[in-house]
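Please read the structure below before turning to the comments.
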Amino acid sequence: MDCPACRCELPPDARFCPSCGSPCTPPGPAGPAEGRKLVTVLFCDLVGSTALSGALDPETLRSVTLRYFELMRRQIEAHGGTLEKFIGDAVMAVFGVPTVREDDARRALAAALGMLDALSGLNTELAATLGVRLDVRIGVNTGQVVAGSDASARQALVAGETVNIAARLEQNAGPGQILIGPDTLRAAGPTVRTESVGPLLLKGKADAVTAHRLLGLGADDPELLRRFDVRFVGRHAELAELDAALARTADGRGAQCLLVHGEAGQGKTRLLREWLERTAPLAAYGTGRCRPYGGQGSLQPLADALRGLLGEALLEGAAEALAVLSTGLLRDGTPNPSVAETCAALIRVLTALAGRRPVVLAIDDCHWAGPLLLDVLDRLAAELGPASVLLICLTRPELLESRPLAATGAIGLSGLSEQEARLLAAELVDVNAHWDGAPAGLLERAGGNPLHLEQLLAVGSETESPGELPPTVQALLGARIDTLEPAERLALDLASVVGREFTAEELAELAQGRDPVRSALPALSHRRLIEPARPAGPARPVFRFTSGLVQEVAYECMSKRARAEVHQRAAGLPSVRAAGDGAVGTHLEQAHRYRSDLGLLDGDTETLRGSAARTLARAGAQAMAGSDLSRAEDLLARAMALGRPGEPAGIPTARRLGEVRIALGRTVQGRSLLTDVLSAPADPVDHAHARLALAVLDPLAGAGRPVEAARAALPVFEAANDQLGQARARLRLAQHHQAHGRHGAADALLTRALSHAASVDGEVERAAALGAIGISLWRGPTPVPAAAVRCQALLAEHGRGRRTVRVTLNCPMAVLLALQDEPAAAREHLAEAGRLARELGYAEAEVFLPVFAALIEVLTDRQNAALELLAGAADAARRLGAGALLDTITLDSARLLLDTGQWAAAENALRPLAAKSGRPHAESVDLDGLRGRLAAAQGQAERAVRLAGCAVAEATLTDSPVVRAQAALDQAHTLRLLGRGGPAAEAAAAARAWFAAKGHQPGVRWVAAFNEEN
């Protein structure tokens, strides 16, 4: 073992270092050698010390300076701060070392104001004796620092940016001014009086720091520090228990002492306040509150509570007792002339008050009460006897462990239920009761603690960083964590790395036998930092943190070096490996990150980087295959960030990330990544995938048309036995056949594509193949009843538990139901597809879902609604760069415009399409049929007949009854516009035959309506 001060090697069993004489820490359970803490740092420096040295004799100057330092030290230590060091004329103090307190920021500000007051008194004396005065400037800042574990090593207590900012704030302050940082202002509470001095550009800081000049420090009354202006939520059982305790007192069963206990922020004070307001007509009450520090008398909370009761008329027979109390308790909170006489007088006064109506005497924050006050409360509870007095003591649970009160009953406050927390969140953000916007993650982090929820919401509204840890909550929880024994602290640290839930076995494995962490869990549970969760088996109970914030603060308190070590070990835990590559890769990534932050850029760090990148890339590919696109993007982007330029493993990661971003609608980013893949030396398979994806995205780009890219890629995929690639290539080839109306040929390719996708559990490709099969069932030769049966069977076979499949198959299923005149069922299927598409984050769904919805509206004769849906789909297609879908939308819109008599609009819509060449058969059939109708309306008979005839002739090249029927019906419309009734009737009859053969009931009605118009 080395000396903690001089690092010299120590002899065995040494109690003092033979080199420097420092005391040696005895060996024991290893806690963290250093950690991160939320502290408040104070810098105070003399102004004009050079001029002062010229005005005073050196010996006199030294005497004045020592008196100044002593005054500053007293104020710092009186408020619980630790004097770290003197730097020339400057004083540096830390609040939160060696132990974090929840009110360290307020203590530091109180100390700063006390330092100015103390200096003012010294200046009065110096001015009279030496004709000089001292001026100081002070800077205070709150934030995380790295803190050593040895408080006696004052020259190295804390380090970090928080310290530097405090020093810079002091340098920017004027004489007699105190400048504080933004986190100090937030941590100290709303009663701090300040004025803004605007953003300051501090030396060494790239971003400006918003500073405030401290003017004063208001009271720390909970009424001022907490949001009591919102509706009281929950706590019905606790209110009933308070009512019952008062009833027992009022019914003549004598004095009662009720203990209300719960962790900080659970709402003990708010509960008492709410209950007292409801009880005011039934009882007289007075309240007092214990303070964590200050110059008040030891019985001052009791004096405050008694004054609240003495607002009533003068008491008969208690004048002498009041006189005794006036000389001590009611004057300065002391037990003058003695404790016994004070208690006796109190009992007489309370008994007299209770003779009129029941009395409630409530003392808040009893965990800060001194031993004398606790003794007096016990004595009152025991000696008030039959008096109708209810003593209520509010405390945190630690008092129950260190010095239990002699209470007749107890009420324990735990967290609010999720429903109650949601109601409170709605109240806190000042919205109506129907608000359902509290993120589930935020509620989980708060763990039902009202104060934690309030602070989390406040951080989100003030900083637009809802994930940030509020300094108030960090201080509250940090103070609890700071009091743990070394083994308990280590267990909590290890657990915070594992996650919200963990087992004793996991912690023991991570500890590597260094400490008895397993035996520390009951203590942590008793301290309400962790709790039993679900059982993992008879011998493997699962624990969890009592709230997400406890885990976060515990993790934040660990040093980065410790985090890196534990994350690296955690990656090898069996439970983490069982959770998959995403969990393993995350731990490796974090280990690499923290080692890099510490500048440990050695071989171990490089090995961690490579392992993390590969593992996250595998996890991203798995998420992509399972259609979890948001998670896939996150994992793949993190894998890429860990990569190095030119690494071969980065190419498939970049390619997959490009594909995912295109699917999520981030087309520009996706295209850029895929283009980079094509321009880099890579495996032919990756090149083939990238070229195929780019061709589908933009057929006019350099990658060529999808069918050409698919034909070129298929042999590459077959040679590499890339099942996913084969599924994609055959899917594109099938879609080419579908576009030309050859659904029989498409079905054979789609069946093989489905087989490829299923063999590797490729969710996206499986869904795409099934969706395409559904389209062929809708538009191909299979009659609608049989097509619907097969589509339903595919849904049953492949759709269970597969959201993507249900999206793609529900759309054609909806059309088939609408073709059978079942519009309600059709809309149900389409609604499910829409809901699941939103859950999956599919950007392309913004295009194809409105197209299918418009088709349902057309089939139910709601053309105007269909036009609105298609307009929205067109906007989405333009935004996403989906050119092929845009052409289809344009044709569908033009048909509806013609059917509703909007000829000019239809002509404008079709004009750009007519200029294009090389379009598929099915699209050409529609375009020529519609153009023929337009030509007929414009009196261009020859052209109209030719276009309509071309549409019918080209339709014969397809096996689609729908395409053939539509071409024949367009021809009938064209001929009727030209006044050729007989041929028009023949064309309508042909259309009816095709519609009837398909089982297309709306189409049959369209033809009937056409005939009736004649």
Side-chain angles (χ1 to χ4, degrees), residues 242-260 272-273 275-277 279-290 296-366 369-395 405-410:
L242 286 166
D243 287 339
L246 181 60
R248 288 192 298 271
T249 298
D251 289 346
R253 280 179 263 182
Q256 306 279 315
C257 181
L258 188 64
L259 198 65
V260 180
L272 176 67
R273 180 180 183 270
W275 180 73
L276 288 176
E277 286 182 359
T279 309
L282 304 175
Y285 67 84
T287 61
R289 179 171 173 262
C290 305
Q296 64 179 14
S298 54
L299 300 182
Q300 188 62 48
L302 200 53
D304 294 339
L306 186 59
R307 288 193 187 96
L309 288 164
L310 292 177
E312 307 236 338
L314 291 176
L315 299 172
E316 296 181 7
E320 184 179 345
L322 281 172
V324 171
L325 296 177
S326 297
T327 63
L329 181 72
L330 292 175
R331 185 185 67 184
D332 55 13
T334 59
N336 189 44
S338 68
V339 173
E341 290 177 283
T342 298
C343 287
L346 261 174
I347 290 169
R348 287 197 299 273
V349 170
L350 291 173
T351 300
L353 286 168
R356 298 178 173 185
R357 56 176 176 156
V359 168
V360 176
L361 191 72
I363 307 297
D364 201 351
D365 289 334
C366 286
L372 179 59
L373 177 56
L374 297 175
D375 289 343
V376 170
L377 290 173
D378 275 345
R379 191 162 177 174
L380 290 177
E383 297 179 9
L384 274 165
S388 296
V389 177
L390 175 60
L391 294 174
I392 301 179
C393 299
L394 278 61
T395 183
L405 281 167
T408 56

message: Tell me which pairs pass salt bridge (charged side-chain N to carboxylate O under 4.0 Å, His left out) where either residue lies in residues 319-339, with sequence neighbours left out.
response: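 Matches after skipping sequence neighbours: none remain.
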
Side chain proximity check, [X] to [Y], heavy atoms < 4.5 angstrom:
X	Y	result
Leu377	Leu302	yes
Thr287	Ile392	no
Arg307	Asp304	yes
Leu242	Leu390	no

field: Closest non-hydrogen atom pair, Ala362 against Leu272
entry: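 Result for this residue pair: CB-CD2, 3.7 Å.
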
Using the side-chain hydrogen bond (donor to acceptor under 3.5 Å, both in side chains) criterion, which residues pair with [X]? Sequence neighbours excluded.
X	result
Asn336	none
Arg379	Glu383
Thr351	none

For [X], which residues count as a side chain to side chain contact (heavy atoms under 4.5 Å, CB included) partner, sequence neighbours excluded?
X	result
Pro337	Val324, Thr327, Glu341
Ala382	none
Leu372	Ser298, Leu299, Pro335, Val339, Val376
Ser326	Leu330

task: Quick one: list whatever passes salt bridge (Lys or Arg N to Asp or Glu O under 4.0 Å) with Asp243, sequence neighbours left out.
output: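 Salt bridge (Lys or Arg N to Asp or Glu O under 4.0 Å) list for Asp243, sorted by chain: empty.
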
query: In chain order, what residues pass the salt bridge (Lys or Arg N to Asp or Glu O under 4.0 Å) check against Glu277, with sequence neighbours excluded?
result: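 Per chain and number, Glu277 pairs via salt bridge (Lys or Arg N to Asp or Glu O under 4.0 Å) with Arg273.
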
Per-pair distances, 0.1 Å, donor-acceptor, side chain in residues 244-258, under 3.5 Å, sequence neighbours excluded:
{"unit_1": "Thr249", "atom_1": "OG1", "unit_2": "Ala245", "atom_2": "O", "d": "3.2"}
{"unit_1": "Gln256", "atom_1": "OE1", "unit_2": "Thr408", "atom_2": "OG1", "d": "3.4"}

query: SG/Cys393 to CG/Asp365 distance, rounded to the nearest 0.5 angstrom?
result: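 Atom-to-atom, Cys393:SG and Asp365:CG are 11.5 Å apart.
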
